[in-house]
Each structure stands twice: as structure tokens, then as C-alpha cells.
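See structure below.
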Amino acid sequence: MIPVHSMSWAESASPSLQAPSYTYPSTMSPAYTPVSVRQGFGQAYTPQSDYYASSTNSFNSPTMAPSSSDQQPQQQKFDWPDSVRSYVQRSFQSSNVDPSVSDTEIKAKLKETIRYTQDCGTMYTTDWDNMPLPQVMIKTQRRQELMQSAAAPPTVAESDRPTTVSASSNPKKRKSSDLSGPEPLGTTTVPWRSGKTLEDRITKPSNTMDSPLAAKSKFQKNAEKRLRRGDGGYQSTYRSPSPPLPTGPIVGLNENLEKRYLRLTAAPKPSDVRPEHVLHKTLDLLKKKWRKDGNYNYICDQFKSLRQDLTVQRIKNEFTVSVYEIHARIALEKGDLGEYNQCQTQLRALYRAGVKGNAIEFKAYRILYFIHTANRTALNDAIADLTAAEKEEIPIKHALSVRSALALGNYHKFFQLYLDVPNMGAYLIDMFVKRERLAALANMCKAFKPDLKLRYISEELGFESDTEAAQFIIDHAGHDMLQERPDHVIFLTGKAGQLFEEARAEAFRRVDLKGQI
Amino acid sequence: MDYLIQDFRAAYAELRGDRLAETLRPDVQAYPSKLLSVWGRGNYRDVKGDLSFLFYNNLPRSGLSISRDEAAGWIEVYLAYWKALGLILAAEGIRDNDQSSWEKVYEAWKDLTLQIIRGYTNHDFENWTIPCLYIAGKYLRQFAIRADEERKNSNEYSDAAVMQDDFDPESEEHKLLEDCARHLNRIFQTCLNDRAPLEESRKWGIYYAINLLFKTYFKLNSASLSKNVLMAISAGRGDMPTLDKFPKSQQVTFKYYEGVLSFLEENYVEAEKHLTMAWHMCHKDAKRNLELILTYLVPCHLLTTHTLPSPQLLEPFPRLQRLFLPLATAIKKADLRAFDIALRDGEDEFIRRRIYLTLERGRDIALRNLLRRVFIAGGFEEAKDGAQPVRRTRVPVAEFTAAVKISGGEDIDSDEVECLMANMIYKNLMKGYIAHERGFVVLSKNGAFPGTGV
């Protein structure tokens with residue numbers, strides 16, 4: 001049941017908004033919690049195992065988003081406002097002639113642009129005087145297509161971690177997530193961006209520590225990288241075929257609070273989109289439901305559709321930020337790094353554009369995330385990004401201390417920091433706690449002879465209890481390494497060295513950390 | 001156009017690739033009037049006429065054999081060049097025209113580059129003309145950078161930042177440079193995939209192209225794309241001339257980038273090899289290049305050999321002195337507090353050059369030196385009859401703890417000290433073991449601190 005990812009997301013056969021007949025291939029060792037496209041409410045979550053018809057990068061066949069005009073009754077006779085007429089005139093003025101764009105192209109583009117605003121009902125409200133001319137739109141589009149089709153060598157992506165199986169029942173940590181079905185997320189790719197995420201460049205395959213199969217297909221890594229870049233899918237369909245759309249965003253008319261998530265393949269109908277005031281109510285509802293039911297699949301689905309509605313209406317304000325933040329936190333709690341990453345990317349862009357939110361909290365998460373993926377370049381850049389003031393903020397200071405403790409192998413300090421993590425950072429640290437414990441044990445085996453009290457180990461390495469510590473040792477070195485003494489248990493460091501050394505190498509190899517010299 | 005035509009003829013007659021390339025150099029700072037005259041009155045038909053005359057009448061008559069096919073190629077090249085020149089002159093303000101912008105310049109120069117590439121793939125340009133590719137690539141990169149800057153400062157950019165929901169400031173910042181990278185890649189491919197025999201092959205241009213690519217990828221922060229280039233080169237090794245046969249300047253540049261790439265991946269042994277080679281090959285007067293190489297070689301060396309740069313080495317480089325000397329001194333004196341301060345002071349610059357994460361590991365060396373001092377301070381034990389006196393090998397943890405507290409200037413609990421020592425032992429900086437229950441460290445009799453003579 002090992003499917004193969006295709007290099008990109010093929011468009012479904014029918015570019016309509018109705019339930020697409022596609023599903024996504026499953027991954028063999030999912031590095032993120034896949035979430036299925038919900039087929040309806042009230043149904044149990046069932047894994048789908050249909051395969052995806054793979055095709056090559058099909059983004060080269062742009063379906064013009066506004067071609068939904070074809071579905072409209074033909075030639076609605078409209079009285080065009082003067083601004084539109086003058087826009088048309090300007091398009092053909094000799095001073096605006098662009099030799100690389102033919103008149104036919106201009107005419108087609110004009111038709112498309114104007115039709116689109118008619119469909120959205122924004123023809124009269126659009127600012128035609130400042131609308132980019134069709135020639136400009138066409139050239140931008142061409143450039144985008146060129147970038148898509150240009151061969152960018154596949155890059156090794158930094159990728160997400162799978163959820164770890166947390167054995168503890170600490171209320172702060174969540175239980176191992178229900179990774180039952182292999183369900184990838186429904187997001188599309190931004191193919192021409194494969195050259196980017198430049199900061200993640202250096203590293204290395206995902207740590208699929210808990211999965212039996214280590215090998216990850218290159219595509220999987222790319223897919224994860226795309227997911228992490230996270231437009232949430234609908235955006236890229238929105239952007240790639242058509243040029244930056246005219247200034248009038250859609251205003252939704254849908255009053256329903258809940259709405260299942262459907263990946264967009266064309267411009268949405270305003271009647272499907274919920275306006276902002278409805279979305280506020282939706283958020284409240286979702287918060288309640290999450291607290292009450294804790295049904296992650298449902299919540300994730302709803303949040304994705306909520307995000308989608310925000311995007312298509314170009315709503316980029318503090319509300320948007322809070323939606324992404326809440327979703328990100330929920331995803332963290334559930335160990336869904338894929339979804340977390342999408343939100344994180346969007347948040348980052350929003351913060352940079354000046355929208356207010358909990359930037360400090362999320363900057364700290366970013367640092368922890370890069371520690372987890374051992375992405376030196378990204379880490380370097382993330383630190384470079386911080387101002388001196390930010391470095392003093394508690395969450396960031398904590399994350400930086402974690403980083404420097406680990407850099408020098410100071411496991412003692414690391415586990416002390418682990419005891420008290422600001423915000424939800426603990427969930428991120430959870431992701432790599434195991435490998436750090438292995439490293440620490442490898443250290444201790446070499447340095448402490450002939451043995452160590454189990455109690456010492458469980459305290460130094462932040463285990464919840466001696467039992468947990470014992471279990472960890474047994475898991476990696478068998479029962480023989482522990483011995484009972486009259487009133488305590490000891491761990492035979494002398495003998496266990498080799499075993500932990502190997503385990504450590506294995507854990508770090510997955511993330512491709514070159515050990516320390 | 002006359003200048004151009006004369007130069008072309010002269011260069012072609014002598015088969016001088018570098019002179020030929022000069023005909024395509026848009027250095028408006030150096031000789032604006034010459035280029036202005038090439039532009040002439042800005043009449044496309046005139047220029048086309050001139051070029052046709054050159055290639056179809058003039059050259060054959062002066063006995064220079066050039067096939068019609070090749071001639072057609074060159075005409076396209078020069079036409080594209082001429083167009084670009086017009087835009088460049090306008091953008092630089094030498095010519096009066098407000099229709100130009102650096103972005104337009106970039107597009108036009110891109111066309112030129114594509115024409116030149118086509119010259120090799122379609123029009124049978126010979127490999128001695130390869131310097132034309134270099135020039136095209138070099139300026140393509142420069143124009144891309146200028147155009148990106150221009151975009152960043154434009155209104156359109158800031159508007160887009162607010163308006164587009166898919167606007168990603170990071171990706172937009174280097175949009176044209178990324179585009180440029182793709183074209184440079186094509187140049188690289190053109191050189192790589194030439195099947196002609198070695199004397200006529202374009203493979204001789206490969207390292208120039210590679211270095212251009214590296215420069216671009218580094219600016220774009222894309223180490224993995226650089227890695228792909230390296231892999232492509234080692235894959236095609238079979239019939240590729242070895243590096244040492246290329247001009248030294250290209251070798252040095254290549255080795256430098258190879259070294260930095262390894263460095264960034266923490267492959268310090270490899271990095272050291274490459275950087276050392278670059279260091280030895282580099283011309284002694286190329287101060288800036290030497291400085292760059294050292295910037296990575298010093299931290300590298302620190303980790304591989306645990307040695308510090310000598311004052312003599314850094315003497316000709318005041319900038320590096322400022323960077324490294326405080327750290328080096330702190331390590332030598334085993335002063336943890338000074339080390340931390342030096343690291344923090346230089347943090348911004350270290351981060352910029354991406355050496356911070358490497359340098360911070362220098363603390364291990366400082367710590368090692370500190371522990372070594374404690375060991376030595378412990379003195380000797382009584383010698384057994386006849387044997388040499390041996391240093392005291394059983395050191396109480398408490399002594400180490402005290403030392404770390406003094407040196408670090410802050411409190412630390414003995415558990416953490418034991419952890420630090422466990423690291424020392426693990427990293428082979430110290431040989432021995434910790435007897436935790438008894439609170440002692442038992443050091444090895446021979447070579448407790450490898451590499452330091454004790």
C-alpha cells in the first residue's frame with residue numbers, strides 16, 4: 001500500500017466547484033497528519049485509498065479563472081460605465097502599445113477582465129482608472145508561466161516530522177494522534193517556487209523516527225516542502241493561470257456558519273463564500289466545538305475552509321491572523337506539522353506586512369521548528385532576523401537557549417529548559433526530545449563508568465518517572481542493561497555504550513546531522 | 001555601429017574571443033560616448049542594414065570565412081545587443097528617454113543572452129567565441145540585481161505587498177535574480193553538453209559558468225541548487241578537462257565556493273581541504289579574496305585541529321583581526337566569560353557570514369583548556385619507586401565545578417558540570433571517565449587531554 005506521489009497536483013477533470021472526483025495518494029510514512037477531504041458531516045473519518053492520476057506539471061495549462069464566464073448566459077447586454085470604456089480605450093492607445101503583445105491578446109484579456117467583474121458584480125465598483133492594462137497583465141502572466149515551466153532542479157526539502165508517539169499521559173502533551181489512514185492534505189503546489197524556500201536549502205530528509213521505513217521519495221520531500229510553504233492550496237489555483245486580479249475582491253453572501261473544505265479550481269461563487277461577519281461567528285463556533293468534541297479532522301477541515309474564505313475575499317487583518325494562529329496552535333497540539341507550517345508561513349507574511357498578532361510567540365516556534373529539522377541555514381537566518389529587543393522576549397530567549405544548549409551538547413541544560421516551555425513550544429520540542437535523549441545517553445555511556453543510578457538518568461533527562469526512563473532504555477538496549485540493587489535500579493553504562501551510539505547515529509542520520517567533531 | 005563593426009572584424013580575424021566579447025560589453029561608465037555612437041540615432045532599420053552589410057558583404061570580401069548560418073546568428077546577437085544598449089543608455093540617464101527601467105534592461109539583456117546561447121546550439125558558433133557567453137552571463141546577473149532593487153523601491157511593490165494575498169515578500173525580493181539563475185543554468189548546460197572534441201569544445205567555459213552560478217545561488221541563499229551544480233559536474237567527469245587545466249582565477253573561485261558549501265553543511269574536513277587549496281592558489285595581492293577564504297578557513301580549522309589563528313596570519317587583515325582575535329584570546333586563556341562576551345559582540349557579523357554556529361563550538365576548546373589547567377594544577381602524585389612521577393589523575397568534580405564558576409563568572413550546579421565533562425569525554429577532548437557516585441573524575445594516565453601534550 002505504498003503509493004507514489006506525483007510531481008504535482010493534476011487538475012481534476014472538471015473545473016467546477018462541485019466535489020472533485022480526485023483524492024490524494026497516501027504517503028507511506030506521512031510526515032504530517034494528513035487530513036482527508038470531508039465528504040459530509042456526521043460521517044466517521046474513513047481513510048480513502050484511491051490513487052491519484054499522476055501527471056506531469058500541469059500548471060502549464062492555465063484554466064482561466066474567469067472563464068466561468070463561459071458558463072454564463074452569453075452576451076449579457078450591459079451598459080458599460082465610462083470608466084470601463086476609457087480603460088478599453090487606453091488599452092489600445094498607441095502610447096501604451098507593447099510590441100510583444102498582440103491586439104488579439106489584448107482584446108481577449110479585456111473581455112476576460114471585464115466579464116469577471118461582471119460576474120462578481122463589481123464592475124461598477126472597480127477602480128478602472130488604476131487597473132493594470134491588459135498588456136501588463138499578459139506580460140506578468142507570461143513571466144509566471146515561464147517560471148513554472150522552467151526546469152528547476154528538485155531540491156531536497158526540509159520536511160516535517162511525523163507525530164511522535166508520546167507515551168506519557170501528561171495533560172499538556174497530547175496522545176499520539178490518530179494517524180490511522182494515510183491521508184495527505186489537500187493542498188496544491190506552487191511548482192515554480194520549487195527553487196525557493198531558499199533558507200531551507202541545506203537540509204535533509206525528514207526524521208521519520210517512528211516509522212519503520214526511512215526512505216523518503218524525493219517527491220514526498222518536495223510535496224512536504226510545498227505544503228509547508230503552505231498557501232493552503234486554494235491560493236495557488238487562484239493565482240497561477242490569471243494575472244493579479246482587479247482590485248475588487250469578492251464579497252461573500254453565504255450565511256452558513258459551517259462549510260466543508262473544497263479545493264478551489266476556479267473562482268468561487270460569491271454565494272458560496274462567507275462574508276467576514278459570518279466568519280467571526282464561525283470562529284467562535286469552532287472554538288466551542290474544539291473544546292467540547294476535540295474532533296481534529298472536523299476542526300481542521302473547517303479551519304481550512306475558513307481560511308479559504310478569508311483568502312478569496314482578500315481579508316488580511318487581525319482576524320485573519322487570529323484564525324491562523326488558532327489553527328496553528330491546534331495543529332501543534334495534534335502534532336500536525338504540515339498544517340502548522342502552512343499557517344506559520346501565512347502568519348509570517350502577515351506579520352511582515354504589519355498586521356498585529358502574536359509575532360513573538362510564533363517566532364519562537366519557528367526557531368524550535370528549525371532546531372527540529374536541523375536546518376542550519378534557516379536557523380541562521382531566523383536568528384539574523386531578530387532584533388536585539390526580540391531576543392530578550394521570554395519565548396524567544398527560551399528558544400535560543402534551547403538552541404545553544406543543544407549546539408554544545410549540554411543535555412542537562414536542555415532538559416531543564418524542557419521542563420518549562422513558554423506557550424506551546426513543548427509540542428515542538430516533543431518532536432525531537434527522543435533523539436536528544438539518545439544523544440545524551442550515548443554521551444553518558446561513554447563518560448560515566450561503570451554504571452549510573454536510574455534515578456539520576458530519569459532526572460537528568462526529563463523523564464516523567466523512573467519507569468518511563470527504564471522503558472526508554474529497554475526499548476533501545478534491552479533488559480540486560482538494567483540491574484536491580486537492594487534499593488534502586490542501575491543502568492550499566494559500560495555495556496550499553498555501543499547500542500546507544502548506534503541508536504543515536506540512526507536518529508540523527510534521519511535528519512542528516514553531521515555529528516559533532 | 002561603425003565601432004562595433006571594426007572591432008568585430010578585428011577580433012574575428014584573429015580569432016580572439018576576448019576581443020570579440022568586448023564588443024558586447026555594455027560598460028557605460030567606462031566609455032559612454034562610444035556606446036552612444038553604437039546606438040546611433042536609434043534607428044532599427046539602419047542598424048539592421050549596417051549589420052547585414054557587415055556580414056554579407058564586408059566580411060566575405062575581406063576574406064573572413066563565415067557561414068551564412070553563423071552570420072545570421074551574429075546578426076541576431078548584435079541586434080539584441082543594440083536594443084539592450086538603448087535601454088541601458090536610457091536607464092543610466094545618458095540618453096533621454098523615460099521608457100526605460102532596469103527591469104526592461106534586464107529583459108532585453110536576457111534576450112541577448114538567449115540569442116548567444118542559440119548561437120551555440122543553432123548557429124554553429126565556435127568555441128573560441130565563448131567569452132561572449134561570459135560577458136552575457138556576467139551582466140545578466142548584474143542587471144538582475146539592479147532590477148530587483150529597482151522593483152523593491154517601486155510603489156508597485158509596496159502596493160502588491162498589501163493587496164495580493166499570495167504575496168510573499170521573501171520570494172518577490174529576488175524575483176529577477178531567480179530568473180537570471182535559470183538562464184545562467186542554461187549557459188552552464190550549453191557548456192556541459194557540448195559533444196565536440198576537446199579542442200573545439202565549449203566545456204572550457206564550464207568553470208566560468210559554474211562560478212557565475214555559485215555567486216547567484218549564494219546571493220539567493222540556495223545552497224542546494226549549488227549542490228546540484230557540483231553533482232552535475234562530477235557526474236560528467238569523464239570527458240571533462242580537470243580543474244587544474246583551467247585558468248587559476250577560475251580554480252580559486254571554484255574551490256572557494258566548494259569549500260564554503262561543505263562548510264555550511266558542517267563537512268569541516270572537506271571544507272578545509274577545499275579552502276586550503278584556494279588559499280594556496282590565491283594570488284597574494286588579491287586581499288579581498290584572501291580575506292574571504294580565511295573567514296571560513298579559520299573557524300573550520302578551529303574545529304578540525306582545535307588550533308587558533310596566529311597573530312601573524314591575521315596581521316594583514318584588520319577586519320578579521322577584529323572578528324577573531326577576541327575569541328582566540330579567550331579560548332587560549334580558557335576564559336569562558338570572555339568567550340561568551342566575544343561571541344555575543346561579534347554575533348551580528350558572524351551570523352551574516354554564517355559562521356556563528358561554527359564558532360560557538362569554540363567554547364568546547366575553551367572549556368577543555370580550562371579543565372586541563374585544573375588537571376595540571378593538581379600537581380603530581382608520589383612516584384612509585386623508580387618510575388616517573390605521574391600527575392594526579394583522580395580529580396574531584398568539585399574542583400572542576402569551581403573552575404567553571406570562576407571562569408564563567410556565574411553559578412553552575414555540579415550536575416551541569418558533569419554533563420559538560422561527559423561531553424568532553426564523548427568528543428575525545430578529554431580521556432577518562434566520571435565516577436559519579438564518588439564525585440571524582442578519573443583521567444587517563446597517558447594523554448588525558450589529547451593533542452595538548454598532557
Side-chain angles (χ1 to χ4, degrees), chain A residues 143 146-147 150-156 190 193 195-196 198-202 229 231 235-236 238-239 244 247 310-312 314 316 345 349 352-353 376-377 379-381 383-384 404 407-413 416 440 442-444 446-450 452-453 456 459-460 513-514 516-517, chain B residues 160-171 174-175 178-179 181-182 185 217 220-228 232 264-269 303-304 347-348 351-352 354 356-357 360-361 363-364 367 413 415-416 418-427 432-437 442:
Chain A
R143 208 174 294 159
L146 178 64
M147 290 203 272
T155 53
V156 175
V190 192
R193 307 294 306 133
K196 229 297 182 177
L198 300 173
E199 57 235 26
D200 325 353
R201 256 340 113 73
I202 271 196
R229 252 181 277 114
D231 307 348
Q235 285 186 40
S236 18
Y238 210 60
R239 99 167 97 155
T247 46
L310 286 171
T311 309
V312 307
R314 311 284 187 90
K316 300 175 89 160
T345 312
R352 281 175 87 132
R376 269 170 72 95
T377 332
L379 209 40
N380 192 80
D381 289 339
I383 301 177
S404 68
L408 288 171
N410 191 341
Y411 56 78
H412 177 93
K413 189 147 174 228
Q416 289 201 318
N443 271 22
M444 288 161 111
K446 188 162 178 196
F448 291 91
K449 312 264 199 223
L452 272 176
K453 282 207 181 114
Y456 181 73
E459 280 177 357
E460 278 292 289
L513 277 184
K514 314 279 186 218
Q516 296 176 340
I517 295 179
Chain B
V162 177
M163 290 293 301
Q164 306 292 342
D165 36 62
D166 44 24
F167 185 82
D168 181 6
E170 287 171 15
S171 66
H174 289 298
K175 201 160 88 151
E178 287 178 29
D179 189 55
R182 277 183 282 269
N185 207 352
Y217 287 148
L220 288 172
N221 232 350
S222 164
S224 73
L225 284 178
S226 310
K227 282 222 78 185
N228 290 336
L264 292 174
E265 294 187 336
E266 300 197 73
N267 217 335
Y268 296 114
V269 176
L303 285 202
T304 54
E347 184 173 319
D348 286 338
I351 295 246
R352 231 173 9 97
R354 301 183 177 278
Y356 179 86
L357 300 176
E360 78 176 336
R361 305 244 279 250
R363 198 175 201 271
D364 280 344
L367 186 60
D413 64 57
D415 277 339
E416 189 167 346
E418 283 188 28
C419 166
L420 294 176
M421 291 194 299
N423 267 292
M424 291 282 109
I425 295 175
Y426 185 72
K427 294 173 192 170
Y433 66 88
I434 307 173
H436 175 72
E437 295 300 314
V442 182

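Below, each value reflects all heavy atoms present in this structure, side chains not excepted, and no hydrogens, waters or symmetry copies. Residue numbers begin at 1 in each chain, while the letters A, B, ... track the order of the sequences.
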**Message:** Distance check, rounded to the nearest 0.5 Å: L357(B) atom CG versus L379(A) atom CG?
**Reply:** 6.0 Å
**Message:** One pair to check against side chain to side chain contact (heavy atoms under 4.5 Å, CB included): T377(A) and R354(B). What are the steps and the verdict?
**Reply:** CA-CA 8 Å; T377(A) 332; R354(B) 301 183 177 278; 3.1 Å; yes
**Message:** Return the CZ to CD distance between F448(A) and E437(B), rounded to the nearest 0.5 Å.
**Reply:** 10.5 Å
**Prompt:** So, N423(B) versus N443(A): side-chain donor-acceptor pair below 3.5 Å or not?
**Reply:** yes
**Request:** Hey, could you give me the CD1/NZ distance between I425(B) and K446(A), rounded to the nearest 0.5 Å?
**Result:** 8.5 Å
**Prompt:** Among M421(B), E418(B), R363(B), which residue forms the greatest number of heavy-atom pairs with chain A at distances under 4.5 Å?
**Reply:** E418(B)
**Request:** Taking the side chain as every heavy atom from C-beta outward, state whether E347(B) and I383(A) have any pair of such atoms under 4.5 Å apart.
**Result:** yes
**Request:** Select one option (side chain, backbone, both, neither) describing which atoms of E459(A) are under 4.5 Å from chain B's heavy atoms.
**Result:** neither
**Asked** Which pair of heavy atoms, one from H412(A) and one from D415(B), lies closest together, and at what distance?
**Response** CE1-CB, 3.2 Å
**Asked** Within a radius of less than 6.0 Å around OH of Y356(B), do more than 12 heavy atoms belonging to other residues, nucleotides or ligands occur?
**Response** yes
**Complete:** Counting heavy-atom pairs under 4.5 angstrom with chain B, the leader among E460(A), M444(A), Q416(A) is E460(A)
**Request:** Kindly give the heavy-atom pair with the smallest separation between G409(A) and C419(B), and that separation in Å.
**Result:** O-SG, 4.0 Å
**Request:** Using non-hydrogen atoms and a 4.5 Å limit, figure out which bit of A440(A) sits close to chain B: side chain, backbone, both or neither.
**Result:** neither
**Asked** When the ring planes of Y456(A) and H436(B) are compared, do they come out parallel, tilted or perpendicular, using 30° and 60° as the limits?
**Response** tilted
**Message:** I'd like to verify something: which residue of D413(B), L420(B), V442(B) has the highest number of heavy-atom pairs under 4.5 Å with chain A?
**Reply:** D413(B)
